[in-house]
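Let me begin by presenting the structure, written as structure tokens, before commenting on it.
Values in this document were obtained by computation on a predicted structure and should not be read as measured data.
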Amino acid sequence: MTRPTTAELTKLQVVCSLFHPLVGGDLYLARQIKESIEAALPEEVDQAKTFLEKAQKLALQMNACAPQSAISHVDLSGTPFSMLIFRAKLLFAVKSICRFNKATVVLSGLKEALCPEGRRWSPKKAQEYEDAITFARAFCQQRSRPTSRIHLVIY
């Protein structure tokens with residue numbers, strides 16, 4: 001049995017949160033839904049963003065997405081890291097899901113924004129990465145209702 005990658009686990013988390021009434025705790029069914037969504041995607045597109053869009057569209061079509069749950073995507077790839085931009089994107093994501101009881105925020109491209117291709121991963125960059133994750137967790141927790149549950153998935 002091969003060990004799943006971070007991307008695979010992220011996609012499974014998205015499927016489990018969007019199709020929770022349908023999937024429950026059945027990871028086999030969640031994996032089948034994930035693989036069917038991936039099979040419908042073209043090869044050359046951005047997998048993370050397109051996968052989220054297809055999964056949300058399918059959940060709405062199947063009426064499996066309960067009105068108490070939502071998902072939001074924060075994409076930091078393609079831009080240099082700035083704490084101000086990071087905070088603004090997180091705020092936009094939390095504002096879009098704040099009325100739901102259960103929500104998932106998918107954070108992608110953080111490593112690429114902090115350390116672009118061709119650059120070295122230094123201890124300082126690793127500390128900035130950990131600080132950004134800590135900030136994102138605290139930010140989501142502070143700006144959500146006490147009764148809501150927000151899951152932060154880092155991709």
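A heavy-atom distance below 4.5 Å is not found between the side chains of Thr134 and Tyr129. By the 4.5 Å heavy-atom criterion applied to side chains, Cys98 and Arg145 are not counted as neighbours. Put simply, the side chain of Lys89 reaches to within 4.5 Å of the side chain of Ile85, judged on heavy atoms. Side-chain contact between Val106 and Val74 is absent, with no heavy-atom pair separated by less than 4.5 Å.
For Ser144 (side chain) and Cys140 (main-chain N/O), a donor-acceptor pair under 3.5 Å exists by modelled atom type. Between the Lys125 side chain and the Leu114 main chain, a donor and an acceptor come within less than 3.5 Å of each other.
Applying the side-chain contact (heavy atoms from CB on, under 4.5 Å) criterion to Arg120, with sequence neighbours excluded, gives no partner residue. For Phe135, the side-chain contact (heavy atoms from CB on, under 4.5 Å) criterion is met by Met83, Phe86, Arg87, Leu90, Phe139, not counting sequence neighbours.
Rounded to the nearest 0.5 angstrom, Glu112 CD and Leu76 CG are separated by 9.5 Å. Atom-to-atom distance recorded for His151:NE2 and Thr104:OG1 is 5.5 Å, nearest 0.5 angstrom. Taken to the nearest 0.5 Å, the CD1 atom of Ile71 stands 8.0 Å off from the CD atom of Gln13. Summarising the geometry, atom OG belonging to Ser148 is positioned 11.5 Å from atom NZ belonging to Lys102; distances are rounded to the nearest 0.5 Å. Interatomic distance, OG of Ser77 versus CG of Leu110, reported as 10.5 Å (0.5 Å rounding).
Heavy-atom minimum distance, Ser72 versus Ile97: CB-CG2, 3.8 Å. Considering every non-hydrogen atom in both Arg99 and Ser96, the closest pair reads NH1-O, 4.3 Å. Between Leu107 and Ala136, the shortest heavy-atom distance links the atoms CD2-CB, 4.4 Å. Nearest heavy atom pair, residue Ser36 against residue Ile33, reads OG-O, 2.8 Å.
The hydrophobic clustering, which links ILVMFWY residues whose side-chain heavy atoms are closer than 4.5 Å, places Ile154 and Leu91 together. Phe92 and Phe81 end up in different hydrophobic clusters when Ile, Leu, Val, Met, Phe, Trp and Tyr side chains are linked at under 4.5 Å. Leu12 and Phe51 fall into different hydrophobic clusters, where Ile, Leu, Val, Met, Phe, Trp and Tyr side chains are chained together by heavy-atom contacts under 4.5 Å.
Applying the salt bridge (charged side-chain N to carboxylate O under 4.0 Å, His left out) definition to pairs two or more places apart or across chains, those involving residues 9-26 are Lys11-Glu38.
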- Item | Residues Cys16, Leu27; criterion side-chain contact (heavy atoms from CB on, under 4.5 Å); working and verdict | CA-CA 8 Å; Cys16 287; Leu27 288 178; 4.0 Å; yes

- Task: Output, in order, the C-alpha distance, side-chain angles, deciding distance and verdict of side-chain contact (heavy atoms from CB on, under 4.5 Å) for Gln141 and Ile150.
- Result: CA-CA 7 Å; Gln141 183 181 13; Ile150 294 181; over 6 Å; no

- Under the side-chain contact (heavy atoms from CB on, under 4.5 Å) rule, what do Glu8 and Lys34 come out as? Steps first, then yes or no, please. CA-CA 9 Å; Glu8 300 298 316; Lys34 177 190 76 70; 2.5 Å; yes

- Task: Go through Asn101 and Arg149 one step at a time and tell me if the side-chain contact (heavy atoms from CB on, under 4.5 Å) criterion holds.
- Result: CA-CA 6 Å; Asn101 292 333; Arg149 292 181 54 196; over 6 Å; no

